[in-house]
Amino acid sequence: VENYKLLKEKGIGTYILFQETYHKPTYDKMHPKSLKGDYNYHLTAFDRAMEAGIDDVGAGVLFGLADPRFEVLGLMMHNAHLEEKYGVGFHTISVPRLQPAKGVTLENYPYLLDDKMFKKVVAILRIAVPFTGLILSTRETPEMRRELLKYGVSQISAGSSTGVGGYKQREEGNEVKFNVVAFFDIVNPETDEKNEYVIVYEDGYSEDDAFALKVINGEDGEELLEAI
């Protein structure tokens with residue numbers, strides 16, 4: 001708790017920590033002899049943060065490690081516990097998923113989510129926690145990002161390149177990106193707070209498919225685009 005108090009004193013924003021998986025046998029298997037190897041200690045990290053006064057927290061699991069139905073229930077029970085004990089639940093929930101790759105197959109990872117199941121997970125989370133931000137991984141395709149904005153995702157990264165050689169691809173102009181149509185600001189007349197918005201469309205689409213997103217700054221200074 002004392003270390004969390006130090007973070008609080010330094011003005012930490014949202015404290016984000018992924019449980020990775022709520023399924024303990026899988027968690028133990030994925031974290032052998034590591035600093036994160038204590039399942040119960042990791043699971044109760046948000047409790048220690050809340051006790052230190054940090055009430056802005058974000059969670060997530062890596063979908064595909066265990067049964068997604070179990071993971072969703074785990075997230076909801078964890079959120080309910082925090083709400084009941086501390087009066088506030090998750091500010092955000094991130095929804096990364098394992099993708100098929102060399103050595104990552106249904107034989108080795110039987111709980112890989114296909115697109116249909118992934119959309120269902122996002123929709124269920126949005127219904128279950130309507131006021132919690134849902135953050136989508138940059139590893140998803142542009143088509144999936146656009147689709148999941150309709151299902152309940154509220155934040156997507158604007159500039160991250162998580163793949164091997166991703167920033168090199170950006171330098172060479174090979175990265176799929178947003179094309180900006182226009183920027184505009186809206187000022188709240190009651191608070192004088194000004195927010196920036198951008199109208200964009202993705203490569204492979206026309207300006208007729210453009211949509212508006214709110215520009216926000218992440219805790220690490222990274223620019224994010226938020227659905228409105």
Between Thr26 and Ala66 the two heavy atoms that sit nearest each other are OG1-CB, 4.2 Å
Establish whether Leu17 and Val95 are linked, either directly or via other cluster members, by ILVMFWY side-chain heavy-atom contacts under 4.5 Å. yes
Take a 6.0 Å sphere around NZ of Lys119 and say whether it holds more than 12 heavy atoms from other residues, nucleotides or ligands. yes
For Phe18, look at atom CZ and say whether over 12 heavy atoms of other residues, nucleotides or ligands are found less than 6.0 Å away. yes
Hey, is Glu143 close enough to Arg146 for a salt bridge, meaning N to O under 4.0 Å? no
Spacing of Asp47 atom CG and Leu82 atom CG [to the nearest 0.5 Å]: 6.0 Å
When rounded to the nearest 0.5 angstrom, what is the spacing between NE2 in His91 and CD1 in Ile16? 9.0 Å
Would you say the side-chain atoms of Arg97 pair up with the backbone N or O of Leu113, donor to acceptor, closer than 3.5 Å? yes
If I compare all heavy atoms of Ser154 with all of Gly133, which pair ends up nearest, and what's the gap? OG-CA, 3.3 Å
Tell me if the centroids of the rings in Tyr4 and Tyr15 come within less than 6.0 Å of each other. yes
Please report the shortest heavy-atom distance between Gly89 and Asn79, naming the atom on each side. CA-OD1, 3.3 Å
About how many Å separate CG of Leu62 and OG of Ser94, when rounded to the nearest 0.5 Å? 11.0 Å
Taking all heavy atoms of Val61 and all of Glu71, pick out the closest pair and write down the distance. CG2-CB, 4.0 Å
If you count the non-hydrogen atoms of other residues, nucleotides and ligands that lie under 6.0 Å from CG in Leu6, is the total more than 12? yes
Residues Phe118, Glu140; criterion side-chain contact (heavy atoms from CB on, under 4.5 Å); working and verdict: CA-CA 11 Å; Phe118 191 41; Glu140 296 298 333; 3.5 Å; yes
Donor-acceptor check, side chain of Tyr39 to backbone of Tyr22, threshold 3.5 angstrom: yes or no? yes
What I'd like to find out is whether the side chain of Val88 reaches to under 4.5 Å of the side chain of Met50, using heavy atoms alone. yes
Can we say Arg69 and Asp67 salt-bridge, meaning some charged N sits less than 4.0 Å from an Asp/Glu carboxylate O? yes
Closest heavy-atom contact between Tyr111 and Leu65? CD1-O, 4.1 Å
Let's go through Phe70 and Thr21 carefully: what are the C-alpha distance in whole Å and the side-chain angles of both, what is the deciding distance for side-chain contact (heavy atoms from CB on, under 4.5 Å) to 0.1 Å, and is it a yes or a no? CA-CA 9 Å; Phe70 185 87; Thr21 176; 5.7 Å; no
Below 4.5 Å, heavy atoms only, C-beta onward: do Met76 and Ile93 meet side chain to side chain? yes
In the structure I gave you, are the side-chain heavy atoms of Phe46 and His81 within less than 4.5 Å of one another anywhere? no
Between Asp28 and Gly37 the two heavy atoms that sit nearest each other are OD1-O, 4.2 Å
Set out, in order, the CA-CA distance, both residues' side-chain angles and the distance that settles salt bridge (Lys or Arg N to Asp or Glu O under 4.0 Å) for Glu51 and Arg48, then state yes or no. CA-CA 5 Å; Glu51 290 168 8; Arg48 295 188 293 279; over 6 Å; no
Co-membership, hydrophobic cluster, residues Phe63 and Met77, 4.5 Å side-chain: no
For the side chain of Arg126 and the backbone of Thr132, is there at least one donor-acceptor N/O pair under 3.5 Å apart? yes
Run the side-chain contact (heavy atoms from CB on, under 4.5 Å) check on Val121 and Leu125 step by step: do they pass? CA-CA 6 Å; Val121 164; Leu125 287 173; 4.0 Å; yes
Atom pair CG (Leu136) and CZ (Arg145), whose distance is rounded to the nearest 0.5 Å: 7.5 Å
Aromatic ring proximity Phe90/His78, centre distance under 6.0 Å: yes
Answer yes or no: is there a donor N or O on one side and an acceptor on the other, between the side chain of Thr14 and the main chain of Asp56, under 3.5 Å? no
Lys36 and Glu20: side-chain contact (heavy atoms from CB on, under 4.5 Å), yes or no, with the steps? CA-CA 10 Å; Lys36 292 174 61 177; Glu20 308 298 355; 3.0 Å; yes
